[in-house]
J.: 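Here it is, the structure, as structure tokens.
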Amino acid sequence: MAKRPFGIPRFAVACAPVARSAANKQYSSRDYEVCLLQLHGNPAWAFPNVCVDYDVDPLKAALNEVENQTNIKGCKGYALSVEGAPGEDEHTVTIFYVIPATLQSSTGTQAHFQTLADVLENKDGLYSMPPGHREMAFTLDQWLRERHTLSIVNLDILFLCNSEEKGIGGLVKAIIDNPIYENRIRSPEDDLIIAINNPLYVFGTTPIATE
């Protein structure tokens, strides 16, 4: 493990394993479930999160931490935001990822799927969260709402996560089902460009930008 150089901010990842509970075209935060951790010794909830070592890929760290803390084996992630305002303590920069998941995933004893609408509403303080985590929940809500307003985005594909996405089969699937280009009439040259520059797929654990 390489030592982090002096003066370099600490990096961390926070992850929102998200599952679609209903395939409605119009957005509702009640159609999405987010997996949260029940914190030890208090009623607060939090997104899975972990500090990232100096020589570790942040997305790999995110996927590993989600699996370790929730038993959800993710295969890709979408980076939503980067937060890192300096504070009184050590400066930490946090990358917030969405990890596609399914409600059938086994989440262990302290991780539970909660309806996003309930988390945002926080009625009677049932979903209190540490500083920064509630802001992440609202960022997730905004991102999902934006995905629903884009007619060229196929949400089923956006949240698909299985072995078919890897290897040459995944490459062919990306050409055919690319959620950005699926509604266009394409030439073979267009398909090749899409395969090379696909903005919404992750083959293996390569990080991507969403905006």
Side-chain angles (χ1 to χ4, degrees), residues 12-38 44-49 58-59 62-63 65-67 69-70 72-84 94-105 107 111-123 126-162 165 173-174 177-183 198-202 205-211:
V13 291
C15 319
V18 176
R20 295 182 75 199
S21 57
N24 294 319
K25 185 175 181 180
Q26 185 174 357
Y27 175 69
S28 171
S29 54
R30 295 208 170 274
D31 292 341
Y32 288 90
E33 305 277 328
V34 59
C35 189
L36 299 174
L37 300 175
Q38 182 84 63
W45 296 85
F47 291 108
N49 62 96
L59 180 55
L63 295 173
E65 192 64 15
V66 165
E67 185 172 3
Q69 294 192 19
T70 71
I72 295 173
K73 189 172 180 60
C75 66
K76 63 183 177 182
Y78 303 113
L80 262 63
S81 66
V82 179
E83 309 292 338
T94 301
I95 305 172
F96 183 40
Y97 286 102
V98 168
I99 308 296
T102 63
L103 288 175
Q104 290 73 32
S105 303
T107 57
H112 305 278
F113 276 107
Q114 308 291 343
T115 302
L116 179 58
D118 293 339
V119 174
L120 296 172
E121 185 178 345
N122 191 28
K123 187 176 181 180
L126 292 177
Y127 294 98
S128 59
M129 306 181 85
H133 285 241
R134 180 154 301 281
E135 289 78 3
M136 291 178 185
F138 280 101
T139 298
L140 172 62
D141 177 59
Q142 179 181 3
W143 184 81
L144 290 170
R145 187 182 302 275
E146 290 173 349
R147 303 285 80 73
H148 276 262
T149 62
L150 298 173
S151 60
I152 54 177
V153 171
N154 186 316
L155 290 164
D156 292 328
I157 296 173
L158 194 69
F159 280 89
L160 181 66
C161 187
N162 57 41
E165 294 186 29
K173 184 174 181 60
D177 294 329
N178 186 303
I180 278 190
Y181 290 95
E182 65 168 349
N183 295 325
N198 191 317
L200 287 182
Y201 269 83
V202 181
T205 55
T206 303
I208 60 172
T210 59
E211 298 289 351

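Given the structure is predicted, the values throughout are model-derived calculations rather than measurements.
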J.: Quick one: closest heavy-atom pair of L120 and S29, and the distance?
T.: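 Closest approach of L120 to S29, heavy atoms only: CD1-CB, 4.2 Å.
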J.: May I ask you to test the L36-H112 pair for a side-chain heavy-atom distance under 4.5 Å?
T.: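 A side-chain contact under 4.5 Å is absent here.
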J.: Looking only at heavy atoms, which two atoms of P58 and Y97 are closest? And how far apart?
T.: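 For P58 and Y97, the tightest heavy-atom pair comes out as CB-OH, 3.7 Å.
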J.: Got a sec, which pairs hit salt bridge (charged side-chain N to carboxylate O under 4.0 Å, His left out) with one end in residues 128-141, sequence neighbours left out?
T.: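 Applying salt bridge (charged side-chain N to carboxylate O under 4.0 Å, His left out) to every pair that reaches into residues 128-141, excluding sequence neighbours, yields D141-R145.
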J.: Let me confirm one number: the CG-OH distance from L144 to Y32, rounded to the nearest 0.5 Å.
T.: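 One gets 5.5 Å once the value is rounded to the nearest 0.5 Å.
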J.: Do any pairs count as a salt bridge (charged side-chain N to carboxylate O under 4.0 Å, His left out) and have a residue in residues 21-31, sequence neighbours left out, and if so which ones?
T.: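 Applying salt bridge (charged side-chain N to carboxylate O under 4.0 Å, His left out) to every pair that reaches into residues 21-31, excluding sequence neighbours, yields R30-D118, R30-E121.
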J.: Can you find a heavy atom in the side chain of F96 that is under 4.5 Å from one in the side chain of V82?
T.: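 Sidechains of V82 and F96: no contact.
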J.: Could you work out, with salt bridge (Lys or Arg N to Asp or Glu O under 4.0 Å) as the rule, every residue matching E67, not counting sequence neighbours?
T.: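 Testing E67 for salt bridge (Lys or Arg N to Asp or Glu O under 4.0 Å), a comparison that skips the adjacent residues, returns K73.
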J.: Can you classify the ring geometry of F47 versus H133 as parallel (below 30°), tilted (30 to 60°) or perpendicular (above 60°)?
T.: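 Parallel, since the angle between the ring planes stays under 30°.
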J.: Among L63, T70, V18, whose side chain to side chain contact (heavy atoms under 4.5 Å, CB included) with I99 holds?
T.: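 Result: among L63, T70, V18, L63 is the only option passing the side chain to side chain contact (heavy atoms under 4.5 Å, CB included) with I99.
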J.: Do you know the tightest heavy-atom contact between N122 and S128?
T.: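 Nearest pair, atom of N122 first, then S128: OD1-N, 3.4 Å.
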J.: Who are the side-chain contact (heavy atoms from CB on, under 4.5 Å) partners of A19, not counting sequence neighbours?
T.: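 side-chain contact (heavy atoms from CB on, under 4.5 Å) list for A19, sorted by chain: L103, F113.
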J.: Check for a donor-acceptor pair, side chain of N49 on one end and backbone N or O of V13 on the other, with a separation under 3.5 Å.
T.: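 Looks like no, no N/O pair under 3.5 Å.
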J.: Go through the steps for I95 and E83 under the test side chain to side chain contact (heavy atoms under 4.5 Å, CB included), then give the verdict.
T.: CA-CA 7 Å; I95 305 172; E83 309 292 338; over 6 Å; no
J.: For T115, give me all partners under side-chain hydrogen bond (donor to acceptor under 3.5 Å, both in side chains), at least two apart in sequence or on another chain.
T.: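 For T115, the residues satisfying side-chain hydrogen bond (donor to acceptor under 3.5 Å, both in side chains) (neighbours in sequence not counted) are E33.
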J.: Checking Q142 now: which residues fulfil side-chain hydrogen bond (donor to acceptor under 3.5 Å, both in side chains) with it, not counting sequence neighbours?
T.: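 For Q142 the side-chain hydrogen bond (donor to acceptor under 3.5 Å, both in side chains) partners, ignoring immediate neighbours, are E146.
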J.: Kindly give the heavy-atom pair with the smallest separation between Y78 and L158, and that separation in Å.
T.: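 Heavy atoms only, the tightest pair is OH-O, 2.6 Å.
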J.: When rounded to the nearest 0.5 angstrom, what distance separates CD1 in I72 from OG1 in T102?
T.: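 If I round to the nearest 0.5 Å, the distance is 7.5 Å.
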J.: Please determine whether side chain to side chain contact (heavy atoms under 4.5 Å, CB included) holds for the pair W45 and V119, giving the CA-CA distance in whole Å, both sets of side-chain angles, and the decisive distance to 0.1 Å.
T.: CA-CA 9 Å; W45 296 85; V119 174; over 6 Å; no
J.: Please report the shortest heavy-atom distance between A14 and M136, naming the atom on each side.
T.: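 For A14 and M136, the tightest heavy-atom pair comes out as CB-SD, 3.7 Å.
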J.: At what distance, to the nearest 0.5 angstrom, does CZ of R147 lie from OG1 of T149?
T.: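 One gets 7.5 Å once the value is rounded to the nearest 0.5 Å.
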J.: Any chance you could measure C15, atom SG, to L80, atom CG, to the nearest 0.5 Å?
T.: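 Reported to 0.5 Å precision, the distance equals 11.5 Å.
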